[in-house]
Amino acid sequence: MAALGDDIRNWPDASPVTLQDPAYVGVAVMAMQGRPGFIRIRTPYVSDADAAHIAEATSHLTADPALCLDALLDTTGHTNPSDDGLDGPAVSLSKP
């Protein structure tokens, strides 16, 4: 339900909870725009070596959300007065 929404309860035959057999490796459930209900799709096999290559080749596209938030706060003039550094930044959306 977290990914597919509450409507998945109306389509028990498509529920991803039933995909517990090894035959369902690579199978996912998705909603199709413009069509009622859900469908199952099978994704192609990707070897560990290919997955590692793709992860390395695209690693520059990742960002630390805390750094992005700090940059956003800096550019918008918002303050972060409660940052004690122990559990990440505390965010205040009030202008200084």
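Residue numbers run from 1 in the order of the sequence given.
- Other residues, nucleotides and ligands contribute only 12 or fewer heavy atoms inside 6.0 Å of the CG atom of Asp48.
- The closest side-chain heavy-atom distance from Ile8 to Val29 is below 4.5 Å.
- Considering CG of Asp74 and CG of Leu69, their distance stands at 9.5 Å, rounded to 0.5 Å.
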**Request:** Go through Ser15 and Arg40 one step at a time and tell me if the side chain to side chain donor-acceptor pair (under 3.5 Å) criterion holds.
**Result:** CA-CA 9 Å; Ser15 174; Arg40 290 182 176 172; over 6 Å; no

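- Between the Ser47 side chain and the Asp50 main chain, a donor and an acceptor come within less than 3.5 Å of each other.
- In this structure, Arg42 contributes its side chain and Val25 its backbone to a donor-acceptor pair below 3.5 Å.
- Both Val27 and Trp11 belong to a common hydrophobic cluster when Ile, Leu, Val, Met, Phe, Trp and Tyr are linked at side-chain heavy-atom distances under 4.5 angstrom.
- Residues Phe38 and Met32 have side chains not in contact (no heavy-atom distance under 4.5 Å, counting atoms from C-beta outward).
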